[in-house]
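One structure is given here, and the rest of the page talks about it.
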Amino acid sequence: MPELAEAEFYRKRWHQSALPSPKILRVHTHDTKRLFRTAPASALRAALTDSTFTSSSSAAKQILFRFTARDSTKLWLGIHLGMTGELTVAPPTHTPGKHDHLVLFTAAHALVFADPRMFGRIQFHVGSEPPAWWTNIAPALLSREFSASTVAAFLQRRARAPIKAVLLMQERFPGIGNWMADEILWRAALHPARAAGSLTPAEVRTLWRECRTVARLALTTIAGCGEKLPPDLNVHIPDTWLFNHRWQKGGRCPKTKKPLARAEIGGRTTCWSPARQKLRPKSA
DNA sequence: AGACATGTTGCTCA
DNA sequence: ATGAGCAACATGTC
């Protein structure tokens, strides 16, 4: 389920387990074609073995783990979880399963990247400077650079596409995925099929604000505050969000209590509240 | 059995 | 050249 906040959740999970015992003793890889399409698995195994975990970050849907090799070379491991990727922690005796495509063994743990559908991606870089695949990620939703005017300009450029499709474009809305996009549009009271260019300046500003609010709420709710992690995903989402109702049969809008609608918009299944999100902008 | 899945990419057409 | 739409990727679940 990896969008922005889930990526951060999984990053913390690996980070907390790796930190006390940071030496990588052994590296296991499984699929070496699809997931490692930009990073040869053999080179990655050779470089990471006997390296030391140092730090980690997440940005958008991507997770970065930094290591230092024995000769003090810096190593950058990038993981994109795709649709079904997960980072878990197992005992050091863990026997990798069918979908465990990358496993890092320390003295205390096995750090497991599992991805049944293999839509994820593993990237790897050696060198003192951060790689382009990390630095090229668009400015975060919660950064200053993600401004209302930047959003407005982007919506103009994508004027004829449905706003739902535009919110999924990582080049401007890094980390937003299907559920976040629906949550944002629902809070902003904007119909997902509205053409991006049809939004009034006030609507654009509301959309911008709700992008930031949902990003902030998702991060604190799902990835937890500080270093305290919720035990599982999905447990702490309040019923006041659209999230808990969007896939339910006969689901109702938590604000209007009216039935939710579902249709394919922008190539993805979309859920919205017709009583709240109108196709035509309200006439003034 | 068949529909569907919280993502990206590469192709076609306008 | 740029943007919009869609099939493809690979596998599991309801």
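By convention in this document, chain letters (A, B, ...) are assigned in the order of the sequence lines, proteins followed by strands, and residues within each chain are numbered from 1.
Atom CD in A:Glu86 sits roughly 16 Å away from atom P in B:dT6 (whole-Å rounding). To the nearest angstrom, P of B:dG7 lies 9 Å from NZ of A:Lys164. To the nearest angstrom, P of B:dT6 lies 15 Å from CG of A:Leu167. One atom, CG of A:Asp115, and another, P of B:dA5, lie 18 Å apart when rounded to the nearest Å. Rounded to an integer number of Å, the gap from NZ of A:Lys249 to P of B:dC4 is 11 Å.
No side-chain heavy atom of A:Thr206 sits under 4.5 Å from any side-chain heavy atom of A:Arg187. Side-chain contact between A:Ile79 and A:Leu87 is present, with heavy atoms from C-beta onward closer than 4.5 Å.
Ring pair A:Trp76/A:Phe124: centre-to-centre distance not below 6.0 Å. A distance below 6.0 Å separates the ring centres of A:His15 and A:Phe53.
When atom types are taken as modelled, the side chain of A:Thr73 and the backbone of A:Ala69 share no donor-acceptor pair closer than 3.5 angstrom. In this structure, A:Glu183 contributes its side chain and A:Leu242 its backbone to a donor-acceptor pair below 3.5 Å.
Contact footprint of chain A on DNA chain C: nucleotides with an atom under 4.0 Å from a non-hydrogen protein atom, first to last in 5' to 3' order, C:dG3 to C:dG12.
When the side-chain hydrogen bond (donor to acceptor under 3.5 Å, both in side chains) test is applied to A:Thr38, the partners found at least two apart in sequence or on another chain are A:Gln123.
How far CD of A:Glu145 is from OG1 of A:Thr150: 9.0 Å, rounded to the nearest 0.5 Å.
Other residues, nucleotides and ligands contribute over 12 non-hydrogen atoms within 6.0 Å of the CZ atom of A:Arg66.
The phosphate of B:dA5 (OP1 or OP2) has a side-chain N or O of A:Thr269 nearer than 4.0 angstrom. Put simply, A:His80 has a side-chain N or O that comes within less than 4.0 Å of OP1 or OP2 on B:dT8. Taking only side-chain nitrogens and oxygens, A:Arg268 never comes nearer than 4.0 Å to OP1 or OP2 of B:dA5.
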request  = Determine which bases of DNA chain C form Watson-Crick or G-U wobble pairs with both distances under 3.5 Å, and write the result as a 5' to 3' dot-bracket string with | for other-strand partners.
outcome  = .||||||||.||||
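The separation of C:dA4 from B:dT6, taken at their C1' atoms, amounts to 23 Å, rounded to a whole angstrom.
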